[in-house]
A.B. asks: 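I am attaching a structure below and will ask some questions about it afterwards.
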Amino acid sequence: MGPRQRGQERVPVTGTGAAGPVRLVAGGLPNIDDLSFLTPRSDVVFAAQNGSSSQNGPDRVVVIYPDGTYKPVLTSADGLASPSATPVRGDRLYITDGGVPEPHDAKLQTARINFAALHANAAH
């Protein structure tokens, strides 16, 4: 193994090789169905909140920053109805949408990621 680089470890490892304590990054986000990192080396996360299936909460995709702050980037106003996955490929975010509420319109949607805007709005 090469030298360790900042940001590679997600869960600390103790001296005995066991996993250390897990750190809560963000709370107060019900019904997270899936998440994806912005890039393989990023601590910025896209998370799908699927409120339709439980009738409890919003249908939206939020971006979560390492300091725990978050903001919605796509909502039901953008056509989301029970988003369930948020894979990232290059500068594209793909959203699988289960279409749970009527008219049951399941679909795959995509959005271009504005990296500059995401990083500019991150708390430092």
Side-chain angles (χ1 to χ4, degrees):
M1 276 214 268
R4 292 184 184 199
Q5 296 178 5
R6 184 175 174 266
Q8 286 184 330
E9 293 183 42
R10 303 285 185 231
V11 177
V13 178
T14 68
T16 64
V22 175
R23 181 176 67 94
L24 176 66
V25 175
L29 291 164
N31 301 315
I32 290 181
D33 204 359
D34 189 35
L35 63 90
S36 297
F37 290 96
L38 180 61
T39 68
R41 296 196 178 274
S42 176
D43 288 337
V44 176
V45 171
F46 287 109
Q49 283 186 276
N50 185 337
S52 295
S53 61
S54 67
Q55 309 293 313
N56 183 27
D59 286 317
R60 65 185 184 177
V61 173
V62 296
V63 63
I64 305 171
Y65 294 101
D67 67 356
T69 60
Y70 59 87
K71 66 178 182 178
V73 291
L74 295 168
T75 68
S76 56
D78 298 302
L80 296 182
S82 54
S84 58
T86 56
V88 173
R89 182 156 196 163
D91 68 346
R92 304 297 288 181
L93 171 66
Y94 294 87
I95 304 102
T96 56
D97 198 327
V100 172
E102 295 286 341
H104 305 299
D105 185 20
K107 57 192 162 213
L108 173 66
Q109 298 182 81
T110 186
R112 186 172 305 279
I113 300 168
N114 184 334
F115 289 94
L118 286 177
H119 291 297
N121 292 326
H124 297 287

A.B. asks: To the nearest 0.5 Å, how far apart are CD1 in Ile113 and OG1 in Thr39?
C.D. replies: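 Rounded to the nearest 0.5 Å, the CD1-OG1 separation comes out at 9.5 Å.
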A.B. asks: Apply side-chain contact (heavy atoms from CB on, under 4.5 Å) to residues Lys71 and Thr69 and explain how you reach the verdict.
C.D. replies: CA-CA 7 Å; Lys71 66 178 182 178; Thr69 60; over 6 Å; no
A.B. asks: Apply side-chain contact (heavy atoms from CB on, under 4.5 Å) to the pair Val61 and Leu93, showing each step before the final yes or no.
C.D. replies: CA-CA 10 Å; Val61 173; Leu93 171 66; 4.2 Å; yes
A.B. asks: List the atom of Asp34, the atom of Ser84, and the distance in Å for their closest heavy-atom pair.
C.D. replies: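 Where Asp34 meets Ser84 most closely, the heavy atoms are CB-O, 3.0 Å.
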A.B. asks: Using modelled atom types only, decide if a donor and an acceptor are shared between the side chain of Tyr65 and the backbone of Leu118 within a distance under 3.5 Å.
C.D. replies: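 Looks like yes, one N/O pair under 3.5 Å.
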A.B. asks: So which heavy atom on Thr86 is nearest to which on Phe46, and how close?
C.D. replies: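 Heavy atoms of Thr86 and Phe46 come nearest at OG1-O, 3.4 Å.
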A.B. asks: Step by step, would you call Leu108 with Ile95 a side-chain contact (heavy atoms from CB on, under 4.5 Å)?
C.D. replies: CA-CA 6 Å; Leu108 173 66; Ile95 304 102; 5.9 Å; no
A.B. asks: Looking at CG of Asp91 and CG of Asn114, how far apart are the two atoms once the value is rounded to the nearest 0.5 Å?
C.D. replies: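 Taking CG in Asp91 and CG in Asn114, the distance rounds to 10.0 Å.
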A.B. asks: Indicate the atoms forming the closest heavy-atom contact of Ala85 with Ala48, along with that distance.
C.D. replies: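 Where Ala85 meets Ala48 most closely, the heavy atoms are N-CB, 4.2 Å.
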A.B. asks: Grab the two heavy atoms, one from Gly90 and one from Val88, that are nearest each other, plus how far apart they are.
C.D. replies: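 Looking at all heavy atoms of both residues, the shortest contact is O-CG1, 3.9 Å.
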A.B. asks: Could you tell me which residues satisfy side chain to side chain donor-acceptor pair (under 3.5 Å) with Asp97, sequence neighbours excluded, listed by chain and number?
C.D. replies: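 By the side chain to side chain donor-acceptor pair (under 3.5 Å) rule, Asp97 matches Gln109.
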A.B. asks: Roughly how far, to the nearest 0.5 Å, is CG of Asn50 from OG of Ser82?
C.D. replies: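 These two atoms lie 5.0 Å from each other.
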A.B. asks: What's the verdict on side-chain contact (heavy atoms from CB on, under 4.5 Å) for Val63 and Tyr70, showing C-alpha distance, side-chain angles and the deciding distance?
C.D. replies: CA-CA 5 Å; Val63 63; Tyr70 59 87; over 6 Å; no
A.B. asks: If you compare all heavy atoms of Ala26 against all heavy atoms of Gly68, which two are closest, and at what distance to 0.1 Å?
C.D. replies: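 Shortest heavy-atom separation between Ala26 and Gly68 comes out as CB-O, 3.6 Å.
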A.B. asks: Consider only side-chain heavy atoms of I, L, V, M, F, W and Y, link residues closer than 4.5 Å, and tell whether Val62 and Tyr94 are in one cluster.
C.D. replies: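 Looking at the clustering, Tyr94 is in a separate group from Val62.
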A.B. asks: How would you list, by chain and number, every residue that makes a side chain to side chain contact (heavy atoms under 4.5 Å, CB included) with Pro30, sequence neighbours excluded?
C.D. replies: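 Side chain to side chain contact (heavy atoms under 4.5 Å, CB included) list for Pro30, sorted by chain: Gln49.
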A.B. asks: Holding to side chain to side chain contact (heavy atoms under 4.5 Å, CB included), I want the full list of residues that pass it with Ala18, two or more places apart in sequence or in another chain.
C.D. replies: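 With sequence neighbours excluded, Ala18 shows a side chain to side chain contact (heavy atoms under 4.5 Å, CB included) to Thr14, Thr16, given in chain and number order.
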A.B. asks: Which pair of heavy atoms, one from Gly51 and one from Asp59, lies closest together, and at what distance?
C.D. replies: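 That would be N-OD1, 2.9 Å.
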